[in-house]
Each structure stands twice: as structure tokens, then as C-alpha cells.
Amino acid sequence: MMKLDPKIPPGPLETKWDRRRFSEKLVSPNNKRKIRVIVVGTGLAGASAASTLGQLGYQVECFCFQDSPRRAHSIAAQGGINAAKNYQDDGDSVGRLFYDTIKGGDFRSREANVYRLAQVSTQIIDQCVALGIPFAREYGGQLANRSFGGVQVSRTFYCRGQTGQQLLLGAYSALCWQIERGQVTMRPRTEMLDLVVVDGQARGIVVRDLVTGQMSTHTAHAVVLATGGYSNVYYLSTNASGSNVTATYRAWKQGAAFANPCFTQIHPTAIPPGDVHQAKLTLMSESLRNDGRLWVPKMARDHRPPEDIPAAERDYFLERRYPRFGNLTPRDLASRAVKAVCDEGRGVGPGGHGVYLDFADVLHQEGLDVVRERYGNLFEMYQRITGEDAYHAPMRIYPAPHYTMGGLWVDYNLMSTIPGLFVIGEANFADHGANRLGASSLMQGLADGYFILPYTIGHYLATAKFTPVGEDHQKSRAALQRATARISRLLNSKGCRTAASFHRELGQLLWNHCGMSRNEEGLKLALTSIPALREEFWRGVMVPGSGEAFNQELEYAGRVADYLEFAELLCHDALHREESCGAHFREEYQTDAGEPQRDDSRFAHVAAWEYREGASPALHKEPLLFEFVPPTTRSYQ
């Protein structure tokens, strides 16, 4: 029977993390040299973890499927990173960041983890400045801040619209130092395909070299997954095309619980799709909502150019509906508001799938140079994609699948239900509840990698008992055989449809029935349609080429096969949660005003799912106890 023990330290909230660090067992420097740790993923979480573990003296083997760690999807995070520094002297504090995150997640996250995240946030900025991150600065030299959705203070540090890229370059520079020192062995162009579990402990991974096709196992004393989220299950999303669920899903099939998979965030500020054959969507940073105002015509099917619609005939719908937060309303509420006005026939652009994000007011008040300094690269990106100049006409935006709050279940130490398997960053479920506030993903990734995992993994390595495990171990060979058989099955399929066509069909199915809003009828329809589509995939997919060479169709087909299984888990979780909270909006559970209705009496828990071969997944619940922030109606009005 799977047990969910969150291992939260006792005592006051403010001292839990210090108490845990002090009570942890340590590994001596001499012994660290004998210990091997595998890190999968080189985004902010993975690169910071690998570099820090290397600096501590562990032997680290780091894997990524990109041709360089610098190409991890963290580079796409644009707007900023949160930290409770209170440089603006506007009332911010660790306690307020903690409160905003708990409330923003609609009271579906673990208090102890969130408070620790807020505490550590202040250290992250100092670490990044020491690494040379070029944060924006005020005239006097002090680091600049701006606001993001769901808060009323300015706590977001930024590098124009390139914050993720600059932070990743900083983490990459630290990683390169450890590679040069020989503490980290970097293995790019390598994809994890399975997990090696020996005596109930995670002891290694199976990988495929994406250039040569060679399959191999790599063993260690612990495995760290930092492989990001799974929103590409929707086919069209803001994620990089290569982002996928394979590593975490294969770990789930080996015994790691998967928590809250239905908590999938729809970002309100993306460029609308323009073509049925489009492969991905482009995010426009939430930071733009600091100065841009969202509006649509008051009349349905008003197709006049925006400059011809006078102010009296415009509906600034977020400012009307959520006057206290206005255009900085949290992402889940803003996305549904955008969808609502478009469904009323008041959307703009092709097909009416869009609303205006207008910068006319700030351009008039502060001038072109100020706006260009804050957001210039974002405006340039928008123009290159759409051919439109947002300095002279409003941007058009529409919601898109973006971040995933669900992920592998972890305890306070960031360890999954498989001892020795640690999960960090977006790959775990731990900190954001049912909705992530903007600029908190980078905060969590660096907190986990630089400041939390290096402490907690040490306790496990100091106390666990290990048996020798190598590539010739029975469990290593069994894991390699599983992965090889799956590859062979894909290559031996004699169908005539591409993997992309199945992925597109699955994405449309999920978007319609488990997307921005869900209902019981649609979810049950999806749960009958997905298995049929999966069977058709294995009969009809066409994978050209061989497995013994560079073969991107084979890579892609393997990821789509995992999506076709994972999508069923996602819908099971959404059907189970008979409430509306955060990004999970069940149409049956809403107020007369269209606001979500939580059910704290039945669903104040983490839903952690256990894999069962040939049967529906088993549900386990971790109760969520709110000692310091009692759940209240989540209002931004």
C-alpha cells in the first residue's frame, strides 16, 4: 500500500526549514567523492542542482535531450522572477509572498513548502547577482522591480523580456565550471526512457543516444528528475516542441505517485493560433499586462479597426470584472474572462479568437523609449510572428496551455514515493497548488536546485543502505529490455499516419473536454475516446527509418505514445475533483456570477495517483492542513 508521508518538520512555520536543515544527516567530504548522482534535465532546476551538487563534491552525471544545456525550455520564461526583497518598500515580506502564493494556488498547496519557497526567494536574487545576471536597475543602481498577476506589490526582478534566458546562462556558467573541474559529466542529445529501481530504490536510468540510437543504462546512488511540465499533451501549447512527459510518466509506471495532473495552467497572454497546421503557440509575457490594457468591443461582431472604436464603446472587461486587480488578475481568472467575451461573439481577429492588449495609454503617458526599454524584445517578437507593429496598434492575444502545476508527488525533502528519486522544478507538484502566479516558476526552479535539494538529498545519501548496482544488474537489464521493446514496437508498426496527426487529434480532444473548462459529460467522453485513439495509434502509426541512427520521427512517436496514456490519467483526475479551483474549472461548480466554487470539505487534499498494470489508477490522498492561512473565498474583485 502506497503511503504519502509529507515529512513536514514540526514547530512554527518560520522555523520548519531551519529545523529540517539542522536535523539532517550529513555526508562527509571524503564520502561525497564516492557517491554518484544522476540529474535529468538542464533547465533552471536541473542546471542549478547539477552545478551545486558538483560543487559540494558529488560525482554528477547530467543528461539532456537538447544539443546544449543552454537550449532548455527555461530560456522561454520572459517576465521575471519573484523574491520578497521589498526593495520598493511597498509592504512586501516573506509572509506576504507566502500568502499570495497560497491564495493564488486557491488553497491547494502545502503550506510548509510554500513558506520555505518564500524564505529562500531572497537568497536566489543574491546568488544570481553574484553569477552576473544583468537584472534591470533603477537610475541609482538598485535592482528594479515590477508587478505580476495576483499581487499588489512589486516583487518581480527582470531582464527586459529575457529573464529566463539570462538566468539559465548564469546557471549554465556554474554548470560549465563543474564540468571543467570534472565533477559533472554532461551528456547532451540523450533522452531518458525508463527508470531503474533496485530493492525499491531509484538507482539509475535507461537512455537513448539521439544521434547514434544506442541504448544504455546508467546507474547511481540517487536520481534527480528536472524534466519540466507536460502541457504539450494539448499539442498546441507555449512549450518548446521537444518538451514532453516521458521521464516523469515512465517514473510513474515504476511506482512514483503522480499528483494533481489535472492542474494545467492556461496562460491568458499568447498569440492566437493562425493556421490549422501550426505546431506550437508563442507566449507574450504576463509582464505586458503591467502596462497593457485588455479590451474588446462592447458590441458583438464589431469588426471595425481598433482605432475606429471610441473608448465609450470598449469593454475593459478585466478592469470591470476585477476592479481591485484589473489587468493583473491571476492567469486562471484572466484566461476564463478572455474566453467568455470571445464566446459572446466579441472576440477580435480571425475567427474572433482574440482580445486586444493595448499600450496606447502608457505610450502616451511615458513615451516610446520607456516602453521599448521595458518590453522591446517582446514587441519585436510579436512583429516578426504577426507582421503587426504593437507600438501603433494593439496586440491580439488569446489563452494557451502553458504551465503544469501537477507533477510527481514529492515530500518536504523533494523525494518521490520511490526512495532515491528526487523531483524538482516543474516536474514536481509541490508549490503552486491549483494555479501558479506569474514569475514564480523561475523562483521555484532555482530554489529547488540551488538551496533545497542539496540539503535534502544529502540526508538520504547519508542514511540509505545501498547494494552494488551496475549496467549488468538484473534490474538494469530488465529496464533496458522494456525500453528496447517499446522502440521495436514503434518501428514495427506498419501504419500510414504520422505521429503528429495522432498528437493533433489528442490535443483537440483534450482542449475540448479537459481544457480551460471541463464537465462530467465531456470528461467521460474523453475517457472513452482516448483508449480508442491509443489503439488506433499502435495499429496505424508510421515511423520511418531505424532505431540505430538519428531518427526524430521515432523520438516524437515515443513521446506521443506516452501522451496517449498520460491523457487518460489527466482526465481521471479532472473527473475525480468535483469542484472548481484555480486552473481546474468544472462547469457544474460555479457561482451565479461565473466564479469558481471550491469544496474544501471534500477536496482539500493532494490527489496522488498510483499506476496499476491493466487497471485504472489508484487514488491516494494527502490531506492539506491550513494552520496559518485559513481557506477563504478567493476574491480579486
Side-chain angles (χ1 to χ4, degrees), residues 79 146-150 152 161 266-274 282-331 333-376 378-400 516 593-595 636-637:
R146 57 189 177 199
S147 291
F148 256 65
Q152 293 180 305
I266 310 299
H267 198 295
T269 319
I271 297 177
T282 302
L283 176 70
M284 299 307 297
S285 170
E286 183 176 305
S287 63
L288 294 169
R289 291 198 279 141
N290 270 288
D291 292 308
R293 301 177 69 191
L294 273 68
W295 65 272
V296 291
K298 287 185 177 180
M299 293 189 306
R301 287 168 287 282
D302 185 343
H303 301 304
R304 289 178 291 172
E307 63 271 17
D308 292 344
I309 302 176
E313 297 178 30
R314 300 178 179 185
D315 179 13
Y316 293 91
F317 55 95
L318 287 183
E319 298 171 33
R320 168 177 55 82
R321 189 166 177 174
Y322 303 104
R324 199 152 55 94
F325 284 75
N327 294 296
L328 287 178
T329 298
R331 293 175 177 180
L333 300 178
S335 292
R336 287 196 291 272
V338 169
K339 181 179 184 295
V341 296
C342 291
D343 289 347
E344 292 169 4
R346 296 192 287 145
V348 301
H353 294 299
V355 301
Y356 289 127
L357 180 59
D358 198 336
F359 295 88
D361 287 354
V362 68
L363 285 165
H364 176 73
Q365 293 165 6
E366 302 192 39
L368 178 64
D369 290 342
V370 171
V371 175
R372 182 175 284 125
E373 182 181 349
R374 291 174 185 167
Y375 312 113
L378 298 172
F379 277 65
E380 180 184 353
M381 182 171 68
Y382 181 83
Q383 184 173 23
R384 289 188 178 189
I385 292 172
T386 66
E388 301 170 10
D389 183 355
Y391 291 115
H392 297 97
M395 289 182 180
R396 290 177 297 105
I397 60 164
Y398 192 72
M516 209 181 317
E595 298 299 321
Y636 292 90
Q637 296 178 335

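- S335 and H267 make their closest contact through OG-C, 3.5 Å (heavy atoms, listed as atom of the first residue, atom of the second, distance).
- From D308, atom CG reaches atom CD of E313 across 10.5 Å, with rounding to the nearest 0.5 Å.
- Heavy-atom minimum distance, M381 versus L283: CE-O, 3.5 Å.
- Put simply, the side chain of Y636 never gets that close to the backbone of L328: no donor and acceptor are under 3.5 Å apart.
- Once rounded to the nearest 0.5 Å, the distance linking OG1 of T269 with CG of L294 reads 6.5 Å.
- Residue V338 comes nearest to P399 through the heavy atom pair CG1-CD, 3.4 Å, listed as atom of the first residue, atom of the second, then distance.
- For the pair Q152/F325, a side-chain contact is recorded, criterion being any heavy-atom separation below 4.5 Å from C-beta on.
- Within 6.0 Å of atom CD in E373, 12 or fewer heavy atoms from other residues, nucleotides or ligands are found, so the atom counts as exposed in its surroundings.
- Of the possible donor and acceptor atoms, one in the side chain of N290 sits under 3.5 Å from a partner among the backbone N and O of S287.
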Original post:
Could you go step by step and tell me if E388 and R396 meet the side-chain contact (heavy atoms from CB on, under 4.5 Å) rule?
Top reply: CA-CA 10 Å; E388 301 170 10; R396 290 177 297 105; 3.0 Å; yes

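- Taking the side chain as every heavy atom from C-beta outward, T386 and I271 approach each other to under 4.5 Å.
- Note: F359 and Y375 have tilted aromatic rings, judged against thresholds of 30 and 60 degrees for the angle between ring planes.
- In plain terms, the two heavy atoms of P394 and Y382 that are nearest each other are O-OH, 4.2 Å.
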**OP:** I would like to know whether D291 and V371 meet side-chain contact (heavy atoms from CB on, under 4.5 Å); could you show each step before the answer?
**Re:** CA-CA 9 Å; D291 292 308; V371 175; over 6 Å; no

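- In this structure, the side chain of E286 engages the main chain of G149 through a donor-acceptor pair within 3.5 Å.
- Note: F148 CZ to R146 CZ = 6.0 Å, rounded to the nearest 0.5 Å.
- When every heavy atom of A300 is checked against every heavy atom of R346, the shortest pair comes out as CA-CG, 3.7 Å.
- Atoms OG and CZ, on S147 and R289 in that order, are 11.5 Å from each other to the nearest 0.5 Å.
- For the atom pair CD of E380 and CZ of R372, the computed distance is 10.0 Å after rounding to the nearest 0.5 Å.
- A salt bridge links R321 and E595; the closest N-O separation between the charged side-chain nitrogens and carboxylate oxygens is under 4.0 Å.
- In summary, the side chains of R314 and Y316 do present a donor paired with an acceptor at a separation below 3.5 Å, with no hydrogens or angles considered.
- Using a 4.5 Å cut-off on side-chain heavy atoms (C-beta onward), M299 and R304 make contact.
- Rounded to the nearest 0.5 Å, atoms CZ (R384) and OG1 (T282) are 12.5 Å apart.
- Of the candidates R331, R336, M284, R331 is the only one forming a side-chain contact (heavy atoms from CB on, under 4.5 Å) with P268.
- K339 places no side-chain N or O within donor-acceptor distance of the main-chain N or O of A334, the cut-off being under 3.5 Å.
- Between D358 and P306, every side-chain heavy-atom pair lies at or beyond the 4.5 Å cut-off.
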Original post:
Step by step, would you call E366 with R374 a salt bridge (Lys or Arg N to Asp or Glu O under 4.0 Å)?
Top reply: CA-CA 11 Å; E366 302 192 39; R374 291 174 185 167; 2.8 Å; yes

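- Between P272 and G354, the shortest heavy-atom contact is CG-CA, 4.5 Å.
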Original post:
Should V355 and F317 be marked as a side-chain contact (heavy atoms from CB on, under 4.5 Å) after you check the CA-CA gap, both sets of side-chain angles, and the distance that decides it?
Top reply: CA-CA 10 Å; V355 301; F317 55 95; 4.1 Å; yes

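- A side-chain contact (heavy atoms from CB on, under 4.5 Å) with W295 is found for exactly one of N327, L357, L318, I309, namely I309.
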Subject >> Candidate pair Y356 and V296, rule side-chain contact (heavy atoms from CB on, under 4.5 Å), full reasoning >> reply: CA-CA 6 Å; Y356 289 127; V296 291; 6.0 Å; no

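- A salt bridge is defined here as a Lys NZ or Arg NE, NH1 or NH2 lying under 4.0 Å from an Asp or Glu carboxylate O, and R320 with D315 meets this definition.
- Residues F379 and Y391 place their aromatic rings such that the two centres sit under 6.0 Å apart.
- Between the side chains of D361 and H364, not a single donor N or O lies within less than 3.5 Å of an accepting N or O.
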